[in-house]
There are 2 protein chains.
Amino acid sequence: MTTTPSPPPASPPLPGAADDWLRLDRQICFSLNAASRAFNGVYRVVLKDLGLTYPQYLVMLVLWEHGALPVKKLGEHLRLDSGTLSPLLKRLEAAGLVRRERSARDERSVEVRPTDEGVALRQRAVEVPRRILAATGFEADEVRALSTHLRDLTAALDRAAAEGA
Amino acid sequence: MTTTPSPPPASPPLPGAADDWLRLDRQICFSLNAASRAFNGVYRVVLKDLGLTYPQYLVMLVLWEHGALPVKKLGEHLRLDSGTLSPLLKRLEAAGLVRRERSARDERSVEVRPTDEGVALRQRAVEVPRRILAATGFEADEVRALSTHLRDLTAALDRAAAEGA
DNA sequence: GGCCATTTGGTTGTGCACAATTAAGTTGTG
DNA sequence: CACAACTTAATTGTGCACAACCAAATGGCC
């Protein structure tokens with residue numbers, strides 16, 4: 001972190017450089033992890049009034065933007081699989097914000113549709129982004145730039161994971 | 001995604017600006033969320049050989065750097081509370097990587113100490129940072145800069161959450 | 001001594017992430 | 001039609017995050 005750490009020599013008896021690498025690694029993964037959880041915490045506070053959790057809010061954002069969607073499409077938008085979405089959607093249904101119904105055309109598919117109440121909730125959600133942005137203390141442009149960086153990072157990581165390393 | 005789905009017509013007279021804000025919000029929180037999970041996925045692959053999960057790896061990094069620590073200190077380093085750490089540490093203890101023992105001086109405190117096996121694991125962890133960095137496709141400096149940005153963001157968010165909004 | 005606020009971990013309950021498996025429906029091919 | 005391959009959700013099991021609550025130990029105070 002002070003000077004450019006030299007590349008780690010495979011695995012010999014732990015030179016000082018290894019410490020630097022591990023320390024750096026701790027910083028990187030930790031800072032991302034911590035930022036994610038910190039965001040989660042602020043959203044938790046802001047969304048409390050709406051009765052939504054952070055992931056539930058993400059789902060509603062997609063539904064507000066695209067209207068009814070099958071679970072599969074929803075998962076593609078959010079990069080979440082059915083193991084995460086199924087119970088989450090059931091809770092949203094129990095809260096009266098969405099309805100889940102099997103498609104008549106393809107009975108494997110389940111359409112998720114916001115109820116009138118779910119659509120109406122959007123009116124109260126409009127102020128959420130402003131409050132979150134205010135909490136970051138960043139300008140909109142800064143956040144947008146950071147967002148772009150993170151998107152690139154995610155794409156690279158997904159690619160690497162797909163290649164098995 | 002086949003064609004561009006027309007924006008949900010069932011919505012009340014929201015001004016276009018609100019749509020933009022919600023869409024932007026979706027992008028920001030989504031990109032951070034997705035990056036965090038993508039990182040998690042890559043770490044999952046890389047750490048599989050070591051038998052560690054991502055949060056367990058974070059704990060071991062702190063212990064390798066600082067040696068034995070009480071649970072409280074560990075939680076401060078990682079911003080995690082005992083509700084998260086207790087079961088995690090029990091799993092690490094079951095895996096033989098740490099031992100938990102009540103302090104003699106203050107019996108409220110539990111010291112977490114890496115075992116010989118836990119210390120030895122560090123040798124095999126040395127190559128992890130390089131593999132992760134390679135997966136990002138970023139230069140070390142870029143990642144460092146991003147990390148700094150995220151740390152600022154986290155600090156601002158924590159401050160905002162503490163102030164109740 | 002007795003009393004009380006504080007500190008420190010632990011426990012419980014709710015919710016999310018994801019891998020692996022299962023079940024049901026659809027499509028293509030003979 | 002029969003049947004295999006594929007698609008789509010749901011289910012199950014493990015692990016993490018965090019709020020709320022509880023129990024024990026400490027230390028200061030009278």
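We name chains A, B, ... by the order of the sequence lines, and we start the count at 1 in each one.
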Problem set entry | Comparing A/Ala38 and A/Val71 on DNA chain D - which has the more 5′ nearest nucleotide | A/Val71
Exercise. Would you call B/Glu93-B/Arg100 a salt bridge at under 4.0 Å N-O?
Worked result: yes
Seminar exercise, completed: Correct closest heavy-atom pair for A/Ala38 and B/Thr154 would be CB-CG2, 3.8 Å
For this session: For B/Leu85, report the nucleic acid contact type (base, sugar-phosphate, nothing); a contact means any heavy atom under 4.0 Å.
Result: nothing
For this session: Measure the CD-CZ distance between B/Glu65 and B/Arg122 for me, rounded to the nearest 0.5 Å.
Result: 9.0 Å
Problem set entry | Test item: A/Thr115 side-chain N/O and A/Gly96 main-chain N/O as donor-acceptor pair under 3.5 Å | yes
For this session: For B/Thr148, check side-chain contact (heavy atoms from CB on, under 4.5 Å) against everything at least two apart and list the hits.
Result: B/Asp152
For this session: Please check the phosphate of D/dA9 (OP1 and OP2 only) for any side-chain N or O of A/Ser109 closer than 4.0 Å.
Result: yes
Problem set entry | Qualifying residues under side chain to side chain donor-acceptor pair (under 3.5 Å), relative to A/Arg99, sequence neighbours excluded | none
Exercise. Who pairs with B/Ala68 by side-chain contact (heavy atoms from CB on, under 4.5 Å), at least two apart in sequence or on another chain?
Worked result: B/Glu111, B/Arg113
For this session: Measure from the side-chain heavy atoms of B/Lys90 and tell me the nearest of D/dA19, D/dA9, C/dT11.
Result: C/dT11
For this session: Report yes or no: does A/Arg151 contribute a side-chain atom to a donor-acceptor pair with the main-chain N or O of B/Ser31 at less than 3.5 Å?
Result: no
Problem set entry | Nearest-neighbour nucleotide for the B/Asp106 side chain, D/dC18, D/dT26, C/dG9 considered | D/dT26
Exercise. Can you give the dot-bracket line for DNA chain D, using ( ) for pairs inside the strand, [ ] for pairs that cross earlier ones, | for pairs with another strand and . for unpaired bases, where Watson-Crick and G-U count if both distances are under 3.5 Å?
Worked result: ||||||||||||||||||||||||||||||
Taking only nitrogen or oxygen atoms into account, show me every contact under 3.5 Å that the protein makes with nucleotides 13-15 of chain D, one pair per line with its distance.
none

Give each protein N/O atom lying under 3.5 Å from an N/O atom of nucleotides 4-7 of chain C, with the pair distance.
residue, atom, partner, partner atom, Å
C/dT7, O2, B/Arg108, NH1, 3.1

Problem set entry | Along DNA chain D (nearest heavy atom to each residue), the more 5'-positioned of A/Asn40 and A/Arg100 | A/Arg100
For this session: Look at all strands and tell whether B/Pro87 reaches a base, only sugar-phosphate, or nothing, counting heavy atoms closer than 4.0 Å.
Result: nothing
For this session: Give a yes or no answer on whether the side chain of A/Trp64 reaches the backbone of A/Gly118 with a donor-acceptor pair at less than 3.5 Å.
Result: yes
Seminar exercise, completed: Ranking D/dA10, C/dG9, D/dA19 by distance to the side chain of A/Ser82, first place goes to D/dA10
Exercise. Counting any heavy atom closer than 4.0 Å, what does B/Thr84 reach on the DNA or RNA strands: base, sugar-phosphate only, or nothing?
Worked result: base
